[in-house]
**Student:** 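Sharing a structure below in structure tokens format, with a few things to ask.
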Amino acid sequence: MAKGITKRSEDYSQWYLDVIAQAKLADHAPVRGCMVIRPNGYAIWERMQAELDRMFKESGHVNAYFPLFIPESYLKKEAEHVEGFAPECAMVTHGGGKKLEEPLVVRPTSETVVWSMYKDWIQSYRDLPLLINQWANVVRWEMRTRLFLRTMEFLWQEGHTAHATAEEAQEETLRILGIYKRFAEEFMAMPVLTGVKTEKERFAGAINTYAIEAMMQDKRALQAGTSHNLGQNFAKAFEVMFQSESGSREYVWATSWGVSTRLIGGLIMSHSDDNGLVVPPKLAPLQVVVVPIWKSDDEKSAVMQKIDGLTASWKDKFRYKIDDRDNYRPGWKFNEWEKQGVPIRIEMGPKDLESGEVVLVRRDTGEKERISQDRITEETETRLTAMQQSLFDTALALRENNTFEVDDYDELKERLNGEGGFFRVHWNGKRDSEDRLQAETKATIRVMNPDEPEEAGKCIVTGEPSKRRVVVAKAY
RNA sequence: CGGGGCGUAGCGCAGCCCGGUAGCGCAUCUGCUUUGGGAGCAGAGGGUCGUAGGUUCAAAUCCUAUCGCCCCGACCA
């Protein structure tokens, strides 16, 4: 049925690449590890941007733009930051035919250049908080890449905020985490766990990293967004101080946070099936496609006239398209839109003209229904809402049915290599047992939930006392 | 960086072992017939065979070098 798409059960990795190719989301670029985001993929990104941007602005943030090039010396100002990022930086050493006096780093993230400017912009507590976001591209020299999930260049948003107190910075870190969770769940229909990362997994230069973590269909984890509390690390590195209400000079408190085009990878691996892409209605660039069917020119004009009448009020209701191309046949169109993940298809032909109905098909269930033409708008709306909810419910059920509490190390190893999933295990909080866990299981601690009540137990690796469980999984 | 695979028409591939007119499917173009789940027939266009050397009367094919991409591992959003 679905030509050109490997079945998920045969080869999940290949399926993922096939879905992207068939839905025309992206292509490999001439340069290793880079991708061209095609119109279909970019349209999804634009939908994501629109919703996130709205949420950021509603919470008081404004957009700005900082440059692509960063002097190498800036990157070096924060010790942990440079250690974390230097190995994966692209450097510009020549320009205008001459060797540069100081190499320029192509930004892997913008904390350093942002804070070099904040130094000038922040003098007083009255300048705080400073809540800036930017939409940009960044480059990280990755060893191994996968379309959307890990590319050498990717698009993202990065928020950089400055605050007068530690408490405010922590509030901001969690506020953004909440926005990310809401976006993932309400718009992407992708349920996420939230929590804090271990020291090992923490952003280079942060005092704490929070993340949203989703389970993909193959039960592996995907870190879908991060929100960092940077403490005063960057303020100290760039000497950003402000005068407080009481007149004292203090270092500014900072956060940074980001989500990237990786979200598109997460979207694909949350909902799509063996017939191709499935996009939740709220993010679908195209929510409804109407396929008219005809044999003769007379039939065509009658059908088209009817469709124009039925969809007359749709401009402000749905993102829709009437596919009246006459060089493709209906079956071809059905398949084409299915691969591209359009949530609702409506078929309308001579038979429907007679019966006063249309055929409505939901992409996620494949269910075909005959709907009265009088109710077409309401029924379409209902189906879109139902599909959005159903995608979320299915994804949540997958996670819940594949999250387990395990207390025996051998059992954990076996199950990680078997059916997989999220495993809630006790951990003593020490770096060396975390390293051992990763070395021996290929899985990592994804997230810790600090709000969870304490529970006495034994570290799954060492048997030492542990106060709480953490989530362990194989990750992308 | 280690392991594996692949570079031949827009895409997917065959041809290479055994050197001798560069092929097939899909897509594209034209015409007719078609149109409710990937249409049929007829015709047409499209390639310096990744690149550079070498061997030879003759190289997609043999030899050498080199570049690139994909997949699987170690590192990362």
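Proteins come first, then strands; the chains are lettered A, B, ... in the order of their sequence lines, and each starts at number 1.
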**Student:** Between B:A9 and B:G15, how many Å separate the two P atoms, rounded to a whole number?
**Tutor:** 15 Å
**Student:** Looking only at side-chain atoms of A:Lys368, point me to the closest of B:A39, B:A77, B:G37.
**Tutor:** B:G37
**Student:** Let me know the distance between OH of A:Tyr328 and C1' of B:A27, rounded to the nearest Å.
**Tutor:** 9 Å
**Student:** What nucleotide among B:C75, B:U34, B:G37 has an atom nearest to a side-chain atom of A:Glu142?
**Tutor:** B:C75
**Student:** Please report, rounded to the nearest Å, how far the C1' atom of B:G73 is from the OH atom of A:Tyr476.
**Tutor:** 15 Å
**Student:** Between B:G36, B:A77, B:G38, which nucleotide has the shortest distance from any of its atoms to the side chain of A:Pro350?
**Tutor:** B:G36
**Student:** Pick the P atom in B:G47 and in B:G23, then give their distance to the nearest Å.
**Tutor:** 13 Å
**Student:** Suppose you measure atom P in B:A22 against the same atom in B:C67; what distance do you get, rounded to whole Å?
**Tutor:** 31 Å
**Student:** Using the C1' atom in both, what is the distance from B:A14 to B:U30, to the nearest Å?
**Tutor:** 29 Å
**Student:** Using the C1' atom as the reference point in each nucleotide, state the distance between B:C13 and B:C70 in Å, no decimals.
**Tutor:** 16 Å
**Student:** Side chains of A:Glu111 and A:Tyr118 only: does a donor on one sit below 3.5 Å from an acceptor on the other?
**Tutor:** no
**Student:** If you take the centroid of each ring, where Trp contributes its six-membered ring, are A:Phe56 and A:Trp257 closer together than 6.0 Å?
**Tutor:** yes
**Student:** Looking only at atom C1', what distance separates B:U8 and B:U61, rounded to whole Å?
**Tutor:** 12 Å
**Student:** Measure from the side chain of A:Glu338, starting at C-beta and using heavy atoms only, and say which of B:G38, B:G37, B:A77 lies closest.
**Tutor:** B:G37
**Student:** Using only side-chain N and O atoms of A:Ser13, determine if any of them is under 4.0 Å from OP1 or OP2 of B:C72.
**Tutor:** yes
**Student:** Could you check how far CD of A:Gln22 sits from P of B:C11, rounded to whole Å?
**Tutor:** 15 Å
**Student:** Test of understanding: with ring-ring contact (aromatic ring centres under 6.0 Å, His included), list the residues that count as partners of A:Phe318, not counting sequence neighbours.
**Tutor:** A:Trp314
**Student:** Regarding A:Thr444, tell me which of base, sugar-phosphate or nothing describes its non-hydrogen contacts under 4.0 Å with the strands shown.
**Tutor:** nothing
**Student:** Return no unless some side-chain N or O of A:Arg329 is found under 4.0 Å from OP1 or OP2 of B:G36.
**Tutor:** yes
**Student:** Requiring both pairing distances under 3.5 angstrom, list the stems that contain RNA chain B and are made of three or more consecutive Watson-Crick or G-U pairs.
**Tutor:** B:1-7 with B:67-73, B:10-13 with B:23-26, B:28-33 with B:39-44, B:50-54 with B:62-66
**Student:** Counting neighbours of CD on A:Gln14 that are heavy atoms of other residues, nucleotides or ligands and sit closer than 6.0 Å, is the number greater than 12?
**Tutor:** yes
**Student:** Should A:Phe234 and A:Val114 count as side-chain neighbours, where that means a heavy-atom distance under 4.5 Å?
**Tutor:** no
**Student:** Considering only atom C1', compute the distance from B:G50 to B:G25 and round it to an integer number of Å.
**Tutor:** 23 Å
**Student:** Figure out the CH2/P separation between A:Trp332 and B:U34, and round it to whole Å.
**Tutor:** 22 Å
**Student:** Salt-bridged, A:Lys368 to A:Glu347, with N to O below 4.0 Å?
**Tutor:** yes
**Student:** Can you see if the side chain of A:Arg144 gets near the phosphate of B:C71 - specifically, an N or O under 4.0 Å from OP1 or OP2?
**Tutor:** no
**Student:** Choosing from B:U28, B:G36, B:C71, which nucleotide comes nearest the side chain of A:Val359?
**Tutor:** B:G36
**Student:** Is the number of heavy atoms from other residues, nucleotides or ligands within 6.0 Å of CD (A:Glu414) greater than 12?
**Tutor:** no
**Student:** Measuring from the side chain of A:Arg140 (C-beta onward, heavy atoms only), which nucleotide among B:G37, B:U35, B:A77 has the closest atom?
**Tutor:** B:A77
**Student:** Which whole number of Å gives the distance between the P atom of B:C62 and that of B:G7?
**Tutor:** 12 Å
**Student:** Counting the benzene-type ring for Trp, do A:Phe69 and A:Tyr74 have ring centres under 6.0 Å apart?
**Tutor:** no
**Student:** Counting any heavy atom closer than 4.0 Å, what does A:Leu149 reach on the DNA or RNA strands: base, sugar-phosphate only, or nothing?
**Tutor:** base
**Student:** Round to the nearest Å and state the distance from A:Glu299 atom CD to B:G36 atom P.
**Tutor:** 12 Å
**Student:** In whole angstrom, what separates A:Arg202's CZ from B:A77's P?
**Tutor:** 13 Å
**Student:** Could you state the atom-to-atom distance from OH of A:Tyr180 to P of B:A77 in whole Å?
**Tutor:** 14 Å
**Student:** When you measure from the centre of the six-membered ring of A:Phe154, is the NZ or CZ of A:Arg262 closer than 6.0 Å and no more than 45° off the axis?
**Tutor:** no
**Student:** From the options B:U35, B:C71, B:A77, select the nucleotide whose nearest atom is closest to the side chain of A:Ser260.
**Tutor:** B:A77
**Student:** Whole-Å distance between B:C70 P and A:Met152 CE?
**Tutor:** 10 Å
